[in-house]
There are 2 protein chains.
Amino acid sequence: MKDANEILKAKGLRTTASRSGVLEAFRAHHHALSHSDLEKRLGKAFDRVTLYRTLNTFLEKDIIHKVLDDEGSAKYALCQHSDGDHHHNHVHFKCRVCTTSECLTEVSIPGIKLPEGYTSASANLLIEGVCIRCYGKE
Amino acid sequence: MKDANEILKAKGLRTTASRSGVLEAFRAHHHALSHSDLEKRLGKAFDRVTLYRTLNTFLEKDIIHKVLDDEGSAKYALCQHSDGDHHHNHVHFKCRVCTTSECLTEVSIPGIKLPEGYTSASANLLIEGVCIRCYGKE
DNA sequence: GTTTATGCAAATTCTTTGCAATACT
DNA sequence: AGTATTGCAAAGAATTTGCATAAAC
């Protein structure tokens, strides 16, 4: 996988401590992170406002995408392939034991037959259950 | 469909103007409503705080459920069958033209093959596209 | 009459914005 | 040097909480 610097360069963004830090945090975790998850992980290295702006910039540049969640708070995860609108048609899995969310990139969403007159542009599936790491712990 | 009063009684909740108003608003619209949608529709009949509390109460009692959304804001819709955990395994359709979300109750989510070791308890599918009312308007 | 729900005020938390100072290329 | 990014302060939303009043059963 590309390193933080390469990702930023490819998107025409400057390399800064906060951006690298956020990217590394995403790369170090297989599951989706919320704004507050990131704040905890990154400590007080930089301002909360910078984190808001960093996340928005990354969303615009398709470096990260939003992960759907039952609960309120938005979570984010790295986009795996940085081309096209791949980031639609994701399957996200949320474990009810450890409460983490992850993208199941290898799982694809089956074709859904919509009612007459409806057309689909993208689909996001959120599955809740128990992940492999928590199997048996329930 | 049960009327507002019956729904409330069945859940052991008192019938009040705000609760009836919120229930009627949901029954009058086929699509999901956010907190601010409801505020607009209900006007200043009651306090914003009451609306927060009413929505939370309805969520707890499984009268409404959260509808997933790409964007931040939480939306809610009536649960169709008030028994069991039916409200899982929903398909929600969001129209990119009129931006409304609705539950497609007649569509079911096909079985998904999860990676080894993962078990699924519920699934929520969010499809984005164009609804029948907006077909051709794009 | 007793219990539950509401309204109001205020406290928290979340998110955005403006602008000067700083860091990147 | 020139431009993009950050930090700080402050504004603006969104959401929650406490408590006295009012409404439902």
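Keep in mind that the numbers below use all heavy atoms, side chains included, and drop hydrogens, waters and symmetry copies. All values reported here derive from a predicted model rather than from experimental measurement.
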Figure out the [atom1]/[atom2] separation between [X] and [N], and round it to whole Å.
X	N	atom1	atom2	answer
A:L8	D:dT6	CG	P	10 Å
B:L55	D:dT15	CG	C1'	12 Å
B:L51	D:dA13	CG	C1'	15 Å
A:D47	C:dG18	CG	C1'	14 Å
A:K11	D:dA4	NZ	C1'	18 Å
B:L59	D:dT16	CG	C1'	15 Å

Partners meeting side chain to side chain donor-acceptor pair (under 3.5 Å) with A:R53 (sequence neighbours left out):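 Partners of A:R53 under the side chain to side chain donor-acceptor pair (under 3.5 Å) test: none.
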
Quick one: side chain to side chain donor-acceptor pair (under 3.5 Å) partners of A:R48, sequence neighbours excluded?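 In terms of side chain to side chain donor-acceptor pair (under 3.5 Å), with neighbours along the sequence ignored, A:R48 is linked to A:E39.
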
Residues forming a ring-ring contact (aromatic ring centres under 6.0 Å, His included) with A:Y118, sequence neighbours excluded: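 By the ring-ring contact (aromatic ring centres under 6.0 Å, His included) rule, A:Y118 matches B:F93.
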
With the side chain counted from C-beta on, respond yes when [X] and [Y] share a heavy-atom pair under 4.5 Å apart, and no when they do not.
X	Y	result
A:D37	A:H29	no
B:T16	B:T54	no
B:P115	A:L104	yes

When you look at B:K75 and B:E102, which way does the salt bridge (charged side-chain N to carboxylate O under 4.0 Å, His left out) test go after all the steps? CA-CA 10 Å; B:K75 295 187 173 187; B:E102 62 186 303; over 6 Å; no

Ionic contact status for B:E128 with B:K94, cut-off 4.0 Å: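 The answer is no: the pair does not qualify as a salt bridge.
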
With the threshold set at 4.0 Å, does a side-chain nitrogen-carboxylate oxygen contact exist between A:E6 and A:K9?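 Judged by the 4.0 Å cut-off on N to carboxylate O distance, A:E6 and A:K9 do not form a salt bridge.
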
Dump every N/O contact between nucleotides 12-16 of chain C and the protein below 3.5 Å, one line per pair.
from   : atom 1 : to    : atom 2 : distance (Å)
C:dT15 : OP2    : A:Y52 : OH     : 2.6
C:dT15 : O5'    : A:Y52 : OH     : 3.3

Tell me if the centroids of the rings in B:H92 and B:H65 come within less than 6.0 Å of each other.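 Between B:H92 and B:H65, the centre distance is under 6.0 Å.
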
Using five base pairs at each end, measure the axis-to-axis angle across the helix from C:dG1-D:dC25 to C:dT25-D:dA1 and round it to 10 degrees.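 Result, rounded to 10 degrees: 40°.
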
Examine A:I63 and A:F46 and state if one hydrophobic cluster contains both, with Ile, Leu, Val, Met, Phe, Trp and Tyr joined whenever side-chain heavy atoms are less than 4.5 Å apart.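 Yes, A:I63 connects to A:F46 through the hydrophobic network.
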
Is the phosphate of D:dT5, meaning OP1 or OP2, less than 4.0 Å from a side-chain N or O of A:T50?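 Answer no for this pair, as no side-chain N or O of A:T50 is under 4.0 Å from OP1 or OP2.
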
Output one letter per nucleotide in nucleotides 19-25 of chain D: B when a protein non-hydrogen atom lies under 4.0 Å from the base, S when only the sugar-phosphate is that close, - when neither is. ----BBS

